[in-house]
Every structure is written in structure tokens, then in C-alpha cells.
> 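This is the structure, below, for whatever I ask next.
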Amino acid sequence: MSNNYDVIVIGGGSIGVPTALFLTLEGQKVLVVESSSSVGQGQNKAALGGIRATHSDPAKILICQESLRIFSEWEQTHGQNIGWKKGGYCFPAYRTHEENILKSLLPIQKSFGLNIDWLDADGIREVVPGIQHEGLIGGTFSPDDGQASPLLAIDAMFRVSRERGCIYRFRERVVELLIEGNRVKGIRTEKDTYYTPVVVNAAGASAKGMGKLAGLDIPVTPDSHEAGISAPIEQFLGPLVVDLRPGPERKTSNFYFVQNNKGAVIFCYTPSKPFLGTNREPTSEFLPIVARRMVNLLPRLKNMLIRRVWRGLYPMTPDGLPICDCVHEIEGLYLAVGMCGQGFMIGPGIGRNMMNLILYGAPVMEQKIFDTLSFYRDFYGSKKEALK
Ligand SMILES: Cc1cc2nc3c(=O)[nH]c(=O)nc-3n(C[C@H](O)[C@H](O)[C@H](O)COP(=O)(O)OP(=O)(O)OC[C@H]3O[C@@H](n4cnc5c(N)ncnc54)[C@H](O)[C@@H]3O)c2cc1C
């Protein structure tokens, strides 16, 4: 087979695979180059699998509305079970601080037609049976959000794209971008050279290094987050629950957990000071801290058996928003990077928008809103999003 492609995607992760899928479905000859031995082995498999459209940023809202549609209809459309569970998201509030934040987001969320409401304490207790009732003021609940298995979902998208002709090269690290004048010509890996007029950088936590190959400074810095999973227990919990309060031990800010469609509870917290870098060794402090927080919030979890913990990376941008753009200085080079803590849920929505941008010159969503994800925006002047 010749080494010429319409599009080459660097990275077979949460973003690269759906982007390749939608390009392939439009009849493009697509190559995905992935340094690991299969798809999803970067940060995709570290994700809990939460999927919500109820953000506060318009671009994320529109992208995730698209993603939710794709994830929720996947099994019906393609016949593969991706672990989809429409349980919603619930943000309980125990202090007026969180109550005010959550209530202040409702107008923008409702203006995009999102199904989310403020519930009083009794309403939250119905949605999260057994939740600590002392001090509970109420909270938001968005029943149309949900979750899926990141590995099942990426494998499903990989299979459909491959059946339609997408080519994957595993265990090949991209080491050079071939650029002539101001145009992309292809890529070189440790094993081979491939030619194309269009390259998409979807290299996740390595996006910055990939950018350097083209002389670009891409502001993506990984920081690490830990997570864990329990043995399956009887289904009792619908939504993914996010407690926005800082932890009493001051080492953590918010924490969140969800029961997947097999009954396992998956959980994670956000360290109050980011752990910068690419270290993926689990720490000994994560489990005691997160277990205490979970049992305080939901005492019925006290006898839950924990199966394993892991640590993965959020590819962060300074303002917490992804970078989805074409590079003005190098024709044919596109960026779909900086997905922070939400790359799994925004993957399919980003994939469709990147496909349209590459093939038809404009995203699927409103251009003005998509432009807020520009590589050329002011990363340091803009306000941080209220909810990560
Ligand atoms: C603990 C934890 C929980 C999370 N929970 C959620 C969640 O509930 N919902 C959610 O939406 N997100 C969640 N995330 C975030 C999500 O996992 C990431 O945002 C997302 O996986 C990033 O997608 P990506 O495609 O940019 O990167 P990746 O999925 O890491 O894909 C990038 C790929 O590029 C490959 N690559 C890199 N460099 C090269 C190279 N030179 N040559 C070839 N290949 C290369 C890598 O091997 C990798 O496979 C969580 C993350 C963590 C750590």
C-alpha cells in the first residue's frame, strides 16, 4: 500500500480516534499513528467515563451536546455496547458558596436548552439515595447527562473506522513533521515515512512536544490525577456525583464518583495543588483521602471493596478550554489538543467539528463559538470556567 494519505492523525486517543472516524466516514483515506500498542492506551483509559453537556462554557456545551447524541445512540446505530448509562449528573450543595455558583450557571445552561434544575434537599436525596443529609441545602441535577466506558467506546469507534478503511499504525512514534515552505507534507515515525497534505495533532499530553516539531509553542501542560474503582455492588446510584467543596485535609478540591453499568463505583479527586508532570505512579495518600470523603458524603459506601487505583494525566491549557484550530503559519496542520479533564466526553463532538473544519473549512457548530477554542486566543487574559 502506498504511503500517501488524505489525512494523518497523530494519536489514537479520546480525540484522534473519533476525528479519524468522522473523516473516514466522509470518504477520506486516513492514517492514525499511535505510539502505544492499541487505541486508548494514553489518557483515554484513565477517564472515569463521565459525559455531560451541562458546562458553563458555550463551546463545551455545544460540543458535548453533539457527543451525548453520538454516545447515547451508538449501540442502536452500530450494535456495540459501550457501557452507556443515562444517569445524569448531580452537584449537591452544602454551603451557600456552592449553591450560588451552581445557581448562577443555570441561566446559561438553560439558554442552550439543557435539561438541568435546582432541586431542594429532598429532591437530591431521592436522586442520590443515602447522601449525607446534615447540612444539605439542595443541588443541581441534569438527568440527560450520562457515562460510558472509555475503553469500550474507543474500541467501538476504532472498529467502525477500520471497517470503513481507516488505517492504524501502532507502536510507531511520530518523530518529525515534514514541512516544506509553509505546507505540511507528511510525518516521519521511528519506522517509516508517510505523506499527506493534512496532519492533525491529537497527541494529548504530548501535544506540546509535537508542536515543537513544527516550531510552535502549544500551551498544553499535563498534570496528574488519581482515580480508583470498586468491586461491583448492587445498582443504587444513577448520576455522577460531584462534591465541589474542598476536602477537610486541604489536599483536595472537588471530588466525584459514579456507579457504572456493571455496578462498580469509580471515583477521583482534584488535588488542590496540581501535580505537574507526567508521573503516573499511584500515590499512597489517594485512597485514604478519597475513601474518607466518599464515606462522609455517602455513608452506605463504607464497606465497599476497592479493586484498584491508577493515575493519569489531564492535558491542561492555561484557561481550561481545549485548542481546536488550524495553524495559520503552516498550511495543513491542525490542532485538537488541551482537552483538560474532559477529553473523553468532548471527543466525538470535537471529532465531528474537526472533520468539518478540515474538509469544508468551517466547524459544524457556530463559528463564533468555535473560535473561542482558537490557538490564537489570549490564554491568560480570559476568565477561567466556573466548573471544570
Ligand atoms: C483520573 C482521570 C479521570 C478522568 N475522567 C474523565 C471523565 O470522566 N470524562 C472525561 O471526558 N474525561 C476524563 N478524563 C480526561 C480524559 O481522560 C482526557 O482529557 C482525554 O483522554 C484526553 O484525550 P486526548 O485524545 O487528548 O489524549 P489521549 O487519549 O491520551 O490520546 C493521545 C494519544 O497520542 C499518543 N501519542 C502521543 N505522542 C505520540 C507520538 N509522538 N506519536 C504517536 N502517538 C503519540 C498517545 O500514546 C495517546 O494514545 C479523566 C482523566 C483522568 C486522568
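Indexing begins at 1, ligand by ligand and atom by atom, following the structure's order. Hydrogens, waters and symmetry mates are skipped; everything else that's a heavy atom, side chains included, is used.
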> With respect to A46, determine whether any N or O atom, backbone or side chain, lies less than 3.5 Å from an N or O atom of ligand 1.
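No; every N/O pair is 3.5 Å or more apart.
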> Say whether C340 and ligand 1 are in contact under the criterion: heavy-atom distance to a ligand atom below 4.0 Å.
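Under 4.0 Å: yes for C340.
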> Does even one non-hydrogen atom of S36 get within less than 4.0 Å of ligand 1?
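Yes, S36 has heavy atoms under 4.0 Å from ligand 1.
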> Is C268 in polar range of ligand 1, meaning some N or O pair under 3.5 Å apart?
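The answer is no, given that C268 and ligand 1 share no N or O pair closer than 3.5 Å.
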> Return all side-chain donor-acceptor pairs below 3.5 angstrom for residues 122-135, not counting sequence neighbours, or 'none' if the list is empty.
from	atom 1	to	atom 2	distance (Å)
Q132	OE1	E134	N	3.4
Q132	NE2	N296	O	3.3

> Closest by any non-hydrogen atom to atom 8 (O) of ligand 1: pick that one out of A227, G13, G50, P150.
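Of the listed residues, G50 has the closest heavy atom.
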> Before signing off on this row, confirm whether Q342 and ligand 1 have an N or O atom pair separated by under 3.5 Å.
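N/O-N/O distance below 3.5 Å exists for this pair.
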> Between H225 and ligand 1, is there a nitrogen or oxygen pair with a distance under 3.5 Å?
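No - when backbone and side-chain N and O of H225 are compared with those of ligand 1, no distance drops under 3.5 Å.
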> Once side chain to side chain donor-acceptor pair (under 3.5 Å) is applied, do any residues pair with E26, and if so which ones, sequence neighbours excluded?
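Here the qualifying residues are Y360.
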> What do you reckon, does G16 have a nitrogen or oxygen under 3.5 Å from a nitrogen or oxygen of ligand 1?
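There is no such contact.
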> Are Y256 and F267 an aromatic pair by the rule of ring centers under 6.0 Å?
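No: the rings miss the under 6.0 Å criterion.
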> When only distance counts, is I15 in polar contact with ligand 1, meaning an N/O pair under 3.5 Å?
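I15 vs ligand 1: N/O contact under 3.5 Å present.
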> Please indicate whether any nitrogen or oxygen in G49 is less than 3.5 Å from any nitrogen or oxygen in ligand 1.
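Yes; the residue has a nitrogen or oxygen that sits under 3.5 Å from a nitrogen or oxygen of the ligand.
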> Are R311 and ligand 1 in contact, using a heavy-atom cut-off of under 4.0 Å?
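For ligand 1, residue contact (heavy atoms, under 4.0 Å) with R311 is absent.
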> So is R173 touching ligand 1 or not, going by heavy atoms under 4.0 Å?
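R173: in contact with ligand 1 (<4.0 Å).
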> Does S35, backbone or side chain, put an N or O under 3.5 Å from an N or O of ligand 1?
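Yes; at least one N/O pair falls below 3.5 Å.
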> Return the option from G42, G341, S206 holding the heavy atom at the smallest distance from atom 38 (N) of ligand 1.
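Closest candidate by heavy-atom distance is S206.
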> Does any N/O atom on E34 come nearer than 3.5 Å to any N/O atom on ligand 1?
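Yes, since at least one N or O of E34 sits under 3.5 Å from an N or O of ligand 1.
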> Taking N or O atoms only and a 3.5 Å limit, does L313 qualify as a polar contact for ligand 1?
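For ligand 1, there is no N or O atom that lies under 3.5 Å from one belonging to L313.
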